[in-house]
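I have placed the structure first, in the form of structure tokens, so that the comments after it can refer back to it.
Letters go in sequence order (proteins before strands), and every chain restarts at 1.
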Amino acid sequence: MQIATWNVNSLKVRLPHVLDWLQTTGCDVLGLQELKMDNAANAKLVAEFAAIGYNYVYNGQKTYNGVALISKHPLENIVMDIPEYEDVQKRVIAATINGVRVICAYIVNGESLTSDKYQYKLAWLSQLQRYVAAELAVYPELVLLGDYNIAPEARDTYAPQIWEGQVLCSAPERAAFQGLIDLGLTDSFRHFNQEERQFTWWDYRNMAFRRKQGLRIDHLLASSALMARVSSCVIDTAPRKLERPSDHTPVIITLN
DNA sequence: ATGGCAGTGCCTCACTGA
């Protein structure tokens, strides 16, 4: 079974890429972020995905945010948002697929260290940690996947001299990431790959993709019970090379 | 090396993203 994450930066625009990618890879489960579509528009996509053999569940809003799960297999116990946390922004959807709890999250960007959005990001991450801890107590096999908007280490940026200490790379954000790891999760990509300059996002400006100037901010964190089944984690850069691409590209784990 | 790109929406700009 393969499970992937992809921030599509508007599913309306990227729908052809997503449909092609699912058919090419045969990926079993795909978590999407930044749908930028309200639920009336999302509802119309159910038939599009059904036509190629996938279920589609979504948690959307107009213009901003929005997350979804696409799966070949039945989705059970679907939960939207972080329970017991008031938040109008649609950033989380979770479901159980073949016994694996999949939590798809679009973590707050934060804008800058002096922004109110940065404080929202840190508070939001604390709520996410509480939620994931509770989920792990119920579901031993769990993956927390999505756009974290956090580069965990200096080597996860193309230019540490520019990024270290800035938003996405600040000590409090990295401490929050470590707080998730400390729940017993593993950064599945780093478990297999120690090479430098491996990124999941590249700015649209300045030919950043061609220059290999990116960040690694999209992650799949696996519980220890699930990690025992994970045989690989790879970044698929192919969709980033298409016409009118998302600025993010998919990351995929394969389970035994 | 971030003004410069891209998407959305009460759309000839503002807001958001990372």
Side-chain angles (χ1 to χ4, degrees), chain A residues 5-18 31-45 58-68 87-92 104-122 124-125 128 145-174 176-177 189 196-219 235 237 239-251:
Chain A
T5 180
W6 192 1
N7 178 323
V8 290
N9 185 24
S10 167
L11 186 54
K12 181 185 171 192
V13 174
R14 238 63 69 185
L15 182 63
H17 291 187
V18 173
L32 300 180
Q33 304 87 38
E34 282 209 90
L35 309 179
K36 299 187 174 181
M37 274 179 25
D38 63 25
N39 282 338
N42 273 302
K44 294 177 181 165
L45 297 185
Y58 50 87
N59 183 20
Q61 67 182 91
K62 196 167 102 172
T63 313
Y64 301 118
N65 310 309
V67 286
D87 185 8
V88 295
Q89 302 192 9
K90 299 303 184 185
R91 296 181 173 277
V92 178
C104 173
Y106 174 47
I107 291 171
V108 179
N109 172 289
E111 190 180 26
S112 72
L113 270 57
T114 54
S115 169
D116 290 345
K117 294 174 193 166
Y118 182 76
Q119 294 307 318
Y120 167 51
K121 181 177 193 173
L122 296 179
W124 199 93
L125 279 161
L128 179 67
L145 60 80
D147 176 0
Y148 284 64
N149 274 311
I150 300 172
E153 298 179 77
R155 62 176 168 161
D156 296 315
T157 72
Y158 67 91
Q161 68 277 16
I162 294 167
W163 284 95
E164 287 300 280
Q166 301 299 311
V167 74
L168 317 193
C169 303
S170 71
E173 290 164 274
R174 285 177 174 167
F177 185 85
F189 184 77
E196 300 196 351
R197 296 196 159 263
Q198 302 289 300
F199 305 126
T200 65
W201 171 87
W202 300 261
D203 201 303
Y204 286 119
R205 294 168 286 194
N206 308 317
M207 296 182 287
F209 181 66
R210 211 187 309 177
R211 294 173 162 194
K212 305 187 191 305
Q213 297 183 338
L215 304 175
R216 193 177 71 91
I217 54 177
D218 301 88
H219 310 293
I235 298 167
T237 56
R240 190 63 177 77
K241 299 171 185 168
L242 299 171
E243 287 293 314
R244 222 179 163 192
S246 170
D247 42 0
H248 297 250
T249 213
V251 188

Fill in the blank from the handout: Applying salt bridge (charged side-chain N to carboxylate O under 4.0 Å, His left out) to A:Glu173 and not counting sequence neighbours gives A:Lys121
Completion exercise
Base-paired stretches in DNA chain B with three or more consecutive Watson-Crick or G-U pairs, both distances under 3.5 Å, amount to B:5-9 with B:13-17
Hey, does [Y] have a side-chain heavy atom less than 4.5 Å from the side chain of [X]?
X	Y	result
A:Lys36	A:Val13	no
A:Trp124	A:Val92	yes
A:Asp156	A:Trp163	no

Problem - Polar side chain donor-acceptor pair, A:Tyr204 to A:Asn9, under 3.5 angstrom - result: yes
Exercise for the section: Check whether the side chains of A:Tyr120 and A:Asp87 place a donor and an acceptor atom closer than 3.5 Å, and report yes or no. Expected result: yes
Can you measure [X] atom [atom1] to [N] atom [atom2] for me and round it to whole angstrom units?
X	N	atom1	atom2	answer
A:Met207	B:dA6	CE	P	12 Å
A:Phe199	B:dA18	CZ	P	17 Å
A:Gln213	B:dC5	CD	C1'	14 Å
A:Asn206	B:dA6	CG	P	11 Å
A:Trp202	B:dA6	CH2	C1'	17 Å

Gap in Å between the two [atom1] atoms, one belonging to [N] and one to [M], rounded:
N	M	atom1	value
B:dC11	B:dT16	C1'	16 Å
B:dC10	B:dA6	P	23 Å
B:dC13	B:dT2	P	28 Å

Problem - Residue closer to the 5' end of DNA chain B, A:Ser10 versus A:Ile107 (nearest nucleotide) - result: A:Ser10
Practice task
Considering only NZ, NE, NH1 and NH2 on the basic side and carboxylate oxygens on the acidic side, decide whether A:Arg174 and A:Glu164 come within less than 4.0 Å.
Solution key: yes
Write out a two-atom table: protein N or O, nucleotide N or O from nucleotides 9-17 of chain B, distance below 3.5 Å.
none

Handout entry: Candidates B:dG7, B:dA18, B:dT2 - which lies nearest the side chain of A:Leu215
Key = B:dA18
Exercise for the section: Taking all heavy atoms of A:Arg14 and all of A:Pro245, pick out the closest pair and write down the distance. Expected result: NH1-O, 3.3 Å
Practice task
Indicate whether OP1 or OP2 belonging to B:dC5 is found under 4.0 Å from a side-chain N or O atom of A:Arg244.
Solution key: no
Practice task
Kindly determine whether A:Trp202 and A:Gln213 satisfy side-chain contact (heavy atoms from CB on, under 4.5 Å), including the steps that lead there.
Solution key: CA-CA 6 Å; A:Trp202 300 261; A:Gln213 297 183 338; 5.5 Å; no
